[in-house]
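As C-alpha cells, the structure follows; a few thoughts come after it.
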Amino acid sequence: MSNTAQPTTTDAPRHRYDAQRANELEPRWQEAWARADAFRQPNPGEPAFDASRPKFYCLDMFPYPSGAGLHVGHPEGYTATDIICRYKRMKGFNVLHPMGWDAFGLPAEQYAIATGIHPAQTTRTAIDNFRRQLQRFGFCYDWSREFGTIDPEYYKWTQWIFLKLYDAWFDAEGDERTNAGKARPINELVTRFESGARPPRLNQDAHEFSDAEKAQSFGAWASLDAATRRRIIDSYRLAYIGETTVNWCPRLGTVLANDEVIDGKSERGGHPVLRKPLRQWMFRITAYADRLLTQLDGLDWFESTKTMQREWIGRSDGAEIDFAVDGHRPLRVFTTRPDTIFGATYMVVAPEHPLCAHVLAGLAGVDERTRTKLKDYIAWAKNKSDVERQEDAKEKTGVFTGVSAINPANGDKIPVWTADYVLMGYGTGAIMAVPAHDERDHAFAKAFNIPIQRVVKNADPAGEPGFRIDVNEGEVPGSQTPDIVQKYGSPEVYTEGRWVRQIIFRAQKHASEFARTLKHKTSIHPDKVVGFLPYVGDGVNVNSSNKEVSLDTLPTPEAKRVITEWIEKKGLGRRRVNYKLRDWTFSRQRYWGEPFPIVFDDQGNHYPVSDAALPVTLPEIADYAPIESDDPTALLAKATTWARTTAGAAGVSPEVLAPDTPVTRECNTMPGSAGSSWYFLRYCDAKNPKEFASRAASDYWMNTDLYLGGSEHAVGHLLYSRFWNNVLFDLGHAPTREPFQKLFHQGMITSFAYQRSDKTLVPVDQVEEKTEGQYIETATGQPVAQIVAKMSKSLKNVINPDDVIAEYGADTFRLYEMYMGPLDASKPWNPRDIAGCYRFLQRAWRVCVDESTGAPRVTDQQDADLERQLHRLIKKVGADIERLAFNTAIAAMIEFTNAATPAGPAQKAGGVLTRDQLERFLIVLSPFAPHFAEEVWDKLGNAFRGFACHQPWPVFDPAMLVDSEIEIPISIMGKVRTRILLPADAAKEPKTLEAAAMAHAEVQKLIAGKEVKKIIAVPGKMVNLVLG
RNA sequence: GCGGGCGUGGCGAAACUGGUAGACGCACAGCACUUAAAAUGCUGAUCUCGCAAGGGAGUGCCGGUUCAAGUCCGGCCGCCCGCACCA
C-alpha cells in the first residue's frame, strides 16, 4: 500500500536512517543488552541490589501464547509499560518488569486440537514465537524471571495454593481489629468444635448448616461419628466440592465460568452451552463478597472497572421473610422491599424450588390436574436454553402450584405460583410478589389476572403513575386532540399534534372517558386502558396497617426499618444482605490444565496430596481431544494407570491415609484462570524452589505500582486474583490485601473497515479510494463508507507486527502505537500514519548524524533558544510519561526535532546541537526509541559510559522554562481582537499587565469612543475588556 | 431497560485546574533543490463572504451560568462498552 519505506535508492546518502538500518541495528542492541544483562533487577539480599533506591513494580497482563502470534494490541500495552520502566530506571528506581506466559487453558488446547499436535508442543512453539516477537521490540523485561503457568516448577505452587484454600475456612467474625471476616486454617475450626464453641457461620450472611447445628446440640464434637465430622468440616472449606447448575458446553467438553459464556454461547468458539447440575470443585469466593466490594474503594482504578466489579458482586440489602404454607414448611423469600409486604398478593417459586418437588410428590394435597400442569411447566422451563430464556424475558409464563400461603402482614391467603422469571440461584429461589410496585410482578399479575394492591404512593402527586392507554402512532389524527388529554393527560407523554404510543392519565375515570370519547370515531377501544402502572420508586406507604404495626404515612426508608423490626420481633425473618456473586466453579473436564492435588478413596472421600509430593504432574496421554457429550466427563480419566493408584504413590501423607489404600486421583483439571490468579507474586521471586516467593522478596516488591492490560478482564481475572491474594494475605503468605493498587487499561486497536449502504461490510482488499475520503467497492463501483471496526480475518484488516517491523523497524512501530492517541482510547490502525513517525526518526537521525559520513554532528556554539526548548522538552516528556500521555510527549519531541533541524544550506554545515544537548535529547528519546538512542549514543563515543538506557534522566532548570517575552491575547467582550508582546515581568502582575494592554496603540484603536466598564487581567494568560 | 464512557478540520488527535480552539502527525496544495522523479527543506490550509485589507460563523443539537465555556449546569440526539427477569 505505502511505498514510503522503500530501501535507499542508489544515490541516496549511505548513512541514512531507514528500515534496513533499523533492522540491522535493533537486533544488535537487543543482543548487547541481553549479553550485559542490562535489565536484570536483583532482589533484596542479592549482591548487586541497591537498597537506597525506591522500587517500582510494573506489571503487564501476561499473554496467552496462541499459535496466531502477537496481535498489534499486545505491543500497545507492552510499549507503554516499557517506556515507563525505562524512564523510572533512569529516575533511579529499582524496577521490576517481568514477563511470562499464561499458557494453560482453552485457547492453547483448541489450537492444539485444530492442528493435531500435542498441546505441550504447540504451546512451547507458541511461547518461543511470542518471546521472539516481544524481544524484537526491545522491551526491557527482566527475562531471568520468565516462567509459564505450564511449568511444573510454577504449577507446583498453583496446586500448593489450592491446598491452602482447601485447608482454610472463612471466619465471618474475623479479627476484631479489622471488623471483617478472614480466612483461617481448618485446624482452628476443629479446635473450636472440640472446645464446644458455637459453630461459626459459613458466610457473612446466614446459612443453613443442620449438621453443625446438630454438632452443637449434641454438645460434644467427639461423640459425632467420623463421617459426620468430615462432612461438617468439608462444608466449611474455601475450596469445596459442591453441586450447582453449571454451564456445560458439550462441544468443548467442559464447564465454563459465567464470564466465559456470552449470550448462552461459549466465549471461545461460540458453541451452545447447556445448564446442568454437576458436582465439582468450587471456591467460596462469596465469603469474600463484602471485602472484595469494600476494598475497591481504596484502589486507583478506572471508575468504570470498579463499577463493573461492584455490579458483578451485586450487593443488595433487604430482608428474609417466612410465609406460612399449607402442607409445606414455611416459604422463605428474600426481598429488598419489605416495606411493600402489605401489597404482596401472590408468591412465586423457581421451577427448581423444593416446594415444586414437594407438590409433585403429592405431599401437599394438591389435585392431580394441577400437578400435571405443574409438571409439564417445570419440564418445559428446564429444557429452555439460556438464549431462549433471554429472548422470552418479556413474556411472563408460569402456573399455579396449587398451594397457598399466608401473608404474615395482613393475614391474606395468597396463591403460590411457579414461574421461570424467578431464579433458583438468587436469594432463596422464592419471592413475595408485589405487582403494584415491581414491573415484573406487574406484568405477571396482568397476564394471569392476579389482584394488584397499591401500598406506596409517590410523595409528589405529579410523579404518580397513572392509567395508560396504548395508541398506535397515527391511529388518531391530530385534529381530534380531545380536551380531556389536555385536561388530565400526562404532558410528558402526550405532545400536541403528535400521537405517541402511550397516553397516561392520573385517574382511571379520565382514561375511560377518553377511551369512550374516541371509540365511535376511531379504532381505539376502552379495554386498551391498561390500569395503573407499577410504581417502583420510593414514596409514602398507604394501606399498610395491621393490629400491631402501621407503615401508613411513613416514607420508604423508614417503612423498611419499621417493618423489618416487626418481622424480626415476630420471628418471621430478619435483615439480610444478598449478593449476585456466585461461588467460583473451578473444575474443568479438560486435559490442558493443572491437575488437582487431590485423591479419592473408594468411599468417595477426598484427601490432599502432601506439599512434599507436589507438583502432581499432568500425565502424558495420546488422546486429549474433548469427550463430546451432554454428560460432563473428566478427561484425565483416560489416563487410567495414572488415575488409579495408591495413597502412598500419589503422595498422600501416611498420617492422612495409609499408603497402600487404593485411591483414584481427581481427574478434572483447573481452569485457565488458576495460573493467572497469583503470577504477580511469583515474579517477585520467580525461581524460588522452596516457596512460591520469599517473604523478603514479596514484602519488598508488592504492591504492584502499575498494572496495565485490557479491560476485558475487568471482572474475571481481576476479581479472581483479588480473591486469591486476599486469602493468601489472611493466611500470612502475601504481604498486601490487594494485589493491584493502580490499574490502567489500554484501549483497543481497531481498524478501518468499509460499509455498504445496506450496512454490510466489505473486506478492505475489495475497496479502493476514488478521491480523497471517497471509497468505492472495486467490484461494483458503489460508494462505501469508511467506519471503524475490530480487526478480523474476514475483513482482511488484521495487522501482523512482524510485517510492520520489517517495513519500518521496531522503534518506528513503538512510536506509532504510542502516537496514535491517548493510551486508554480505542483507536484505528492507519498504515498511512506510520510514515509520520518513521520520518520523525529519519529527521532526528539527520539532526544527530551526518548522512554521508555517518559521523555525529555536534557544534561548539550553543543556541540559547534551543537550550531553552530542550529544558522544556525534558520537563514535558517526564511529566507526560508520569501521566501516561505518550502521544503528547512524542509530539513535543517532534517539535524539538523540527526546531533543531538545520534549514537550507546549514544542512551541510556542522550540527546544530552541542554534544551535551545531543546527549540529553537522546536520553529523553531513549524510552520511546531505545535502539535509535543507543546507536547514536554509541556513535558519540559514549560506550565507555555504559548504555544510553542506563544514564540518569536529565534535569531541567526551572529558570530556563520562562520566556523573556510573552504574547498576550487581548479580547474585547470575550473575543480575541489582537495580541501584544510583553516582557515576562510585565505580564506577571495584573496591574502592569492591565496598564500595558491599555497603553497599546492597537488596543486604543479598538476601544476608541467606547466606555471600558471592566478589565479582567489574568496574569501571564490574557486580558479581557468589557465595554459599556 | 439499567449502569459507564464518548461526540473537536478530509483523517488520527491537542487544549492538564473555565482564559489565544485545532499543537503534533497523516493526507492535500504550492515553492525551492533536480534534466526528471524520489528524498529533503520551506510555505499554505476549520468553514464562509471578499481581489485584498478585513468581516462573520464554528468543538453533535437546544438552552443556561460567567467578563470569558470544547471545558461547568439542564434537556435532547447519536455512537461505543458492560450488565441484563438478581426480587
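In this text the structure is predicted, and so the values were computed from the model without any measurement. In what follows, chains carry the letters A, B, and so on, assigned in the order in which the sequence lines appear, proteins first and then strands, with residues in each chain numbered from 1.
The side chain of A:Arg977 places no N or O atom within less than 4.0 Å of a non-bridging phosphate oxygen (OP1 or OP2) of B:U20. Close to B:G25, at under 4.0 Å from its OP1 or OP2, lies a side-chain N or O of A:Asn898. Here A:Arg839 reaches the OP1 or OP2 of B:A27: one of its side-chain N or O atoms lies under 4.0 Å away. The side chain of A:Arg310 contributes no N or O atom lying less than 4.0 Å from OP1 or OP2 of B:C83. Between A:Ser971 and B:C67 there is no side-chain polar atom (N or O) within less than 4.0 angstrom of OP1 or OP2. At B:A87, one or more side-chain N or O atoms of A:Tyr426 fall inside 4.0 Å of OP1 or OP2 (strictly under the cut-off). Applying the 4.0 Å criterion to OP1 and OP2 of B:G12, one finds that A:Asn887 has every side-chain N and O outside that range.
Using modelled atom types and a 3.5 Å distance limit, the side chains of A:Asp833 and A:Tyr819 yield no donor-acceptor pair. For the residue pair A:His353/A:Thr418, the side-chain donor-acceptor check at 3.5 Å is not satisfied. Using a 3.5 Å distance cut-off with no hydrogens or angles, the side chains of A:Tyr579 and A:Ser316 do not pair a donor with an acceptor.
Take the nearest nucleotide of RNA chain B for A:Ile1016 and for A:Phe334: the residue whose nucleotide is more 5' is A:Ile1016.
Nucleotide B:G44 is shown with an anti base, its glycosidic torsion being more than 90° from 0.
On a pure distance criterion of 3.5 Å, no polar donor-acceptor pair joins the side chain of A:Lys1013 and the base of B:C67.
The one candidate from A:Arg814, A:Lys827, A:Gln746 that meets the side-chain hydrogen bond (donor to acceptor under 3.5 Å, both in side chains) condition with A:Glu76 is A:Lys827.
Set against B:A68, B:C24, B:U20, the side chain of A:Val976 has B:U20 as its closest nucleotide.
Using Watson-Crick or G-U wobble geometry with both donor-acceptor distances under 3.5 Å, B:G63 finds its partner in B:C73. Nucleotide B:A29 has B:U43 as its partner under the Watson-Crick or G-U criteria, with both atom distances under 3.5 Å.
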